[in-house]
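See below for the structure under consideration.
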Amino acid sequence: TFSLADIARVEFPGESGAADAGLSSQGMPPRGHFVGKWEVGDGMGNNFFITLNETGDAIRSLGGDVHGRWVYVNGEARITWDDGAKDTLRKVGSRDQKSAYGSGKSFTDAPDNTANARNTTHRPI
C-alpha cells in the first residue's frame, strides 16, 4: 500500500521512463526530484553531500556519515538527522536550495544557514 502523496511517478515496462524534473501542476517539484546525491553548501563556503534514498533514508557526509530520515512535505524534502539537526531541500525559482536547522529547532523556525544545492545523480531525459 502506498500513499498517493508519496508517489512521484509510475513507470510501466516498455515505456520511455520520462524524468520527473519538471514542476507539478501546483508549481512544486515532485517527490522524485529530491531522490539522489546532493552537493550542498554548509553556509561557510564549504560543500558536503546529502544522499536521499527512495526508502526515506538519508545520509549526510558532514560530521562523518550521519543517518537520518526524510519526508516530502509541501514540495520540499524535510530531513531529520539522528543527531537532532534538520535540513530542507527546496526549489527556489530555478535553483535548488538547502536550509539547515540546528538541534532543537523546527522546520518553521528561521534557518541557521541557507546555501545552494545541486543533485549530482544522473537522471534520464
Side-chain angles (χ1 to χ4, degrees):
T1 303
F2 297 95
S3 169
L4 288 178
D6 291 336
I7 298 173
R9 70 177 184 225
V10 176
E11 294 182 9
F12 298 95
E15 294 293 319
S16 65
D20 58 8
L23 298 178
S24 71
S25 60
Q26 296 85 18
M28 295 183 274
R31 182 184 185 278
H33 172 81
F34 298 104
V35 174
K37 185 174 185 177
W38 291 81
E39 182 177 18
V40 299
D42 67 358
M44 296 182 288
N46 302 305
N47 290 336
F48 65 97
F49 292 96
I50 293 174
T51 303
L52 303 181
N53 296 315
E54 285 277 354
T55 62
D57 287 317
I59 300 291
R60 179 185 77 203
S61 67
L62 184 68
D65 292 344
V66 177
H67 180 264
R69 297 283 302 161
W70 76 281
V71 294
Y72 178 77
V73 178
N74 297 328
E76 66 184 22
R78 292 184 177 181
I79 311 152
T80 302
W81 301 107
D82 289 350
D83 63 6
K86 296 174 177 65
D87 288 315
T88 59
L89 293 173
R90 65 176 58 100
K91 191 126 190 104
V92 179
S94 63
R95 307 188 84 167
D96 291 300
Q97 188 176 74
K98 186 265 320 170
S99 294
Y101 306 84
S103 183
K105 284 194 167 187
S106 74
F107 290 111
T108 58
D109 291 332
D112 294 330
N113 69 69
T114 301
N116 288 331
R118 180 178 66 90
N119 194 329
T120 65
T121 305
H122 175 71
R123 295 173 178 269
I125 297 174

Running the 4.5 Å side-chain criterion over Ile, Leu, Val, Met, Phe, Trp and Tyr, what cluster does Val73 land in, apart from itself?
Val71
Shortest non-hydrogen separation from Ile79 to Ala58 and the atoms involved:
CG2-CB, 3.9 Å
Before you tell me yes or no, could you show the steps for Tyr101 and Thr88 under side-chain contact (heavy atoms from CB on, under 4.5 Å), namely the whole-Å CA-CA distance, both residues' side-chain angles and the distance that decides it to 0.1 Å?
CA-CA 8 Å; Tyr101 306 84; Thr88 59; 3.9 Å; yes
Can you check whether Asp87 reaches Val40 side chain to side chain, under 4.5 Å on heavy atoms?
no
How close do Phe34 and Pro29 get, counting heavy atoms only, and between which atoms?
CZ-CG, 3.8 Å
Would Thr51 and Trp70 count as a side-chain contact (heavy atoms from CB on, under 4.5 Å) here? Give the steps.
CA-CA 10 Å; Thr51 303; Trp70 76 281; over 6 Å; no
Answer with yes or no whether the side chains of Asn53 and Thr55 bring together a donor and an acceptor at under 3.5 Å.
no
For a quick test of reading the model, state the closest non-hydrogen atom pair linking Ala115 to Gly43 and the distance between them.
CB-N, 4.2 Å
Side chain to side chain, Thr80 and Phe107, heavy atoms closer than 4.5 Å
yes
Show, in sequence, the C-alpha distance, side-chain angles and deciding distance for Tyr72 and Leu52, and conclude whether the side-chain contact (heavy atoms from CB on, under 4.5 Å) test is met.
CA-CA 11 Å; Tyr72 178 77; Leu52 303 181; over 6 Å; no
Between Asp65 and Arg60, does any NZ, NE, NH1 or NH2 come within less than 4.0 Å of an OD or OE carboxylate oxygen?
no
Would you find a donor on one side and an acceptor on the other, under 3.5 Å apart, between the side chain of Lys91 and the backbone of Met28?
no
Give the minimum heavy-atom separation between Ala85 and Asp83, together with the two atoms involved.
N-OD1, 3.1 Å
For a quick test of reading the model, state the closest non-hydrogen atom pair linking Thr121 to Gly36 and the distance between them.
OG1-CA, 3.2 Å
Any side-chain to backbone donor/acceptor pair from Asp82 onto Val66? Under 3.5 Å, distance only.
no
Any donor-acceptor pair under 3.5 Å linking the side chain of Asp57 with the backbone of His67?
no
One should read off an interatomic distance between Arg95 CZ and Asn116 CG, to the nearest 0.5 angstrom, of 4.5 Å
When you measure from the side chain of Arg78 to the backbone N and O of Lys86, does any donor-acceptor pair fall under 3.5 Å?
no
Could you give me the CA-CA distance, side-chain angles and deciding distance for Asp96 and Asn119, then say whether side-chain contact (heavy atoms from CB on, under 4.5 Å) is met?
CA-CA 8 Å; Asp96 291 300; Asn119 194 329; 5.7 Å; no
Any Lys/Arg nitrogen of Arg31 or Glu54 sitting under 4.0 Å from an Asp/Glu carboxylate oxygen of the other?
yes
Same apolar cluster (I L V M F W Y, side chains within < 4.5 Å links), Leu62/Trp81
yes
N/O donor-acceptor pair under 3.5 Å between Asn47 side chain and Glu39 backbone:
no
Tightest non-hydrogen contact, residues Gly102 and Asp112, listed as N-OD2, 2.7 Å
Would you give the length of the straight line joining atom NE2 of His33 to atom CG of Leu89, rounded to the nearest 0.5 angstrom?
8.0 Å
If we ignore hydrogens and angles and just use 3.5 Å, is the side chain of Ser61 paired with the main-chain N or O of Phe48 as donor and acceptor?
no
